[in-house]
Amino acid sequence: MSIFGPLWLSVQLAFATTVILVLVGTPVAWWLSQTRTRWKPVVQAVVAMPIVLPPTVLGFYLLILLGPDGAIGSWWVQLTGSALTFSFTGLVIASCIYSLPFAVQPIQNAFESLPKHYLERAWTLGASRLDAFFSVAVPLSLRGFVSGIVLSFAHTLGEFGVVLMVGGNIPGETRVISIAIYDHVESLNYTAAHQMSLLLVGFAFAVLATMFVINRRWSER
Amino acid sequence: MRVGAILLVFLLAVPARAADAINVAVASNFSRAAAELAEQFEAETGLAVRLSIGSTGKLYAQILNGAPFDVFLAADTARPARLERSGHAVAGTRFTYATGSLVLWSRSARDCLAALTDDGAGHVALANPETAPYGKAAVEFLATAGYWESVSARAVYGENINQALQFAATGNAAIGIVARSQLTAPQLPAATCTWVVPAASSTGLEQQAVLLQRAADNANALRFFEFLGTDRARATIRRHGYELAR
């Protein structure tokens with residue numbers, strides 16, 4: 001097993017997850033930032049739950065939901081002929097749930113700190129709601145987006161417990177880097193474990209340092 | 001005040017019990033049998049036994065790294081022998097406590113063997129061959145019997161043999177290649193087919209126990225170790241689907 005195979009798989013998983021989370025998480029974050037419903041804390045709690053829940057709880061329910069007899073899995077089997085567990089697609093779904101708060105929360109915070117009158121001014125100037133959102137709210141919340149993107153990417157890269165439960169350890173499909181490292185440590189293959197771990201240590205540092213540099217530039221502006 | 005007293009009782013009671021308990025590292029396939037043996041031993045002697053369940057390879061790595069186990073019930077002979085050679089186990093204590101067998105298990109396939117050659121039958125769950133002797137034996141069986149070509153592309157690997165069965169029992173894998181001893185699990189769904197792999201199809205699943213170095217002078221641990229060889233313990237082990245030489 002090469003060192004880069006599992007890392008590449010993890011990067012693909014993190015990339016797919018991040019793209020989906022930005023697309024799905026942005027409307028959720030926007031809604032949360034604007035809503036006045038008394039249900040807001042409930043929705044917020046649901047979004048934040050993956051931070052608190054152990055990966056085993058998520059893994060357990062995903063195993064049941066995504067499996068060939070599960071509510072989502074059986075439907076997927078009819079659609080595609082194969083189940084979601086033990087598949088890359090299944091891992092993407094699992095990661096989206098697992099990393100959801102890491103995308104939604106920074107974006108929501110950015111939206112909430114937008115001065116309300118900016119949007120109102122755009123509306124009175126005749127901009128549609130959607131237009132105002134994309135030309136005013138999004139550019140001004142860019143920092144939140146960068147944080148959300150970096151955090152969900154990094155968090156997915158470090159995912160372990162959920163994948164261990166629903167992945168099935170298939171090389172090239174579900175054996176992501178954290179699982180490969182676990183395998184190497186268990187089979188006393190410390191050289192390979194070191195190589196992969198150091199790669200990940202370097203990668204994590206680079207990603208986070210870049211984010212903090214960008215953040216600092218921003219606050220200096 | 002009352003809360004403080006209760007806390008104090010716990011603080012005093014828990015470590016004392018923990019220090020006396022016999023820590024046993026148990027290969028996953030033997031977990032249910034070991035639990036019953038521990039219960040019998042506790043009832044007989046009043047001594048507490050604590051079981052740590054995992055794949056043989058994982059437990060082996062933990063022992064090398066100083067895990068506080070007194071007895072190791074492995075799923076192979078190789079790792080206990082290596083521990084003996086490296087001085088982690090007490091020389092001369094190694095003995096075969098059980099011989100297991102592999103079994104194909106499914107809750108959806110009509111014919112377990114046919115499902116091994118049917119590429120469309122779904123995933124085949126086995127234990128990680130790197131760390132689990134039952135996974136290694138499963139791969140050997142699949143290779144020598146000519147099933148590997150069909151199975152390799154749809155194999156999924158459990159972290160240990162219990163996870164392999166769990167994959168099959170939840171229907172996520174069509175077939176599980178597991179230990180016969182696992183089939184007595186209480187909540188296991190009804191099987192649609194089972195097929196015991198003949199012993200000749202893979203290297204034997206002789207399972208050895210060894211007394212670990214840190215328990216060399218531990219009379220309680222030694223007592224449990226000896227209990228494993230008694231007729232009563234052997235009867236329990238047989239009842240869980242293992243073979244034992246007379």
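So you know, we letter chains A, B, ... as the sequences are listed, proteins then strands, and number each from 1.
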**Study point:** Whether over 12 other heavy atoms sit under 6.0 Å from A:Tyr61 OH
**Key:**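 No.
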**Study point:** Distance under 6.0 Å and angle within 45° of ring axis: B:Arg79 vs B:Phe72
**Key:**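 Because its charged atom misses either the 6.0 Å distance or the 45° angle limit, B:Arg79 does not stack over B:Phe72.
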**Study point:** Test item: side-chain donor near acceptor, B:Gln208 and B:Thr96, under 3.5 Å
**Key:**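 Yes - a donor-acceptor pair under 3.5 Å links their side chains.
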Practice item. Pick one of side chain, backbone, both or neither for A:Leu164, based on which atoms fall under 4.5 Å of a heavy atom in chain B. Key: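 Both backbone and side chain of A:Leu164 come within 4.5 Å of chain B.
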Between [X] and [Y], is there a donor-acceptor pair closer than 3.5 Å when you use the side chain of the first and the backbone of the second?
X	Y	result
B:Thr192	B:Ser108	yes
B:Gln166	B:Asn162	no
B:Thr56	B:Ala27	no

Please classify the contact of [X] with chain A as side chain, backbone, both or neither, using a heavy-atom distance under 4.5 Å.
X	answer
B:Thr131	side chain
B:Leu64	side chain
B:Ala155	backbone
B:Asn128	side chain

Review point. Do any of residues 35-52 of chain A come closer than 4.5 Å to chain B, heavy atom to heavy atom, and if so which ones, in number order?
Key: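 Interface residues of residues 35-52 of chain A: none, nothing closer than 4.5 Å to chain B.
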Check your understanding: Run the side chain to side chain donor-acceptor pair (under 3.5 Å) check on A:Ser33 and A:Gln108 step by step: do they pass?
Key -> CA-CA 6 Å; A:Ser33 70; A:Gln108 183 194 338; over 6 Å; no
Point to revise | Lys/Arg N to Asp/Glu carboxylate O, B:Lys136 vs B:Glu130, below 4.0 Å | key: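 Salt bridge absent between B:Lys136 and B:Glu130.
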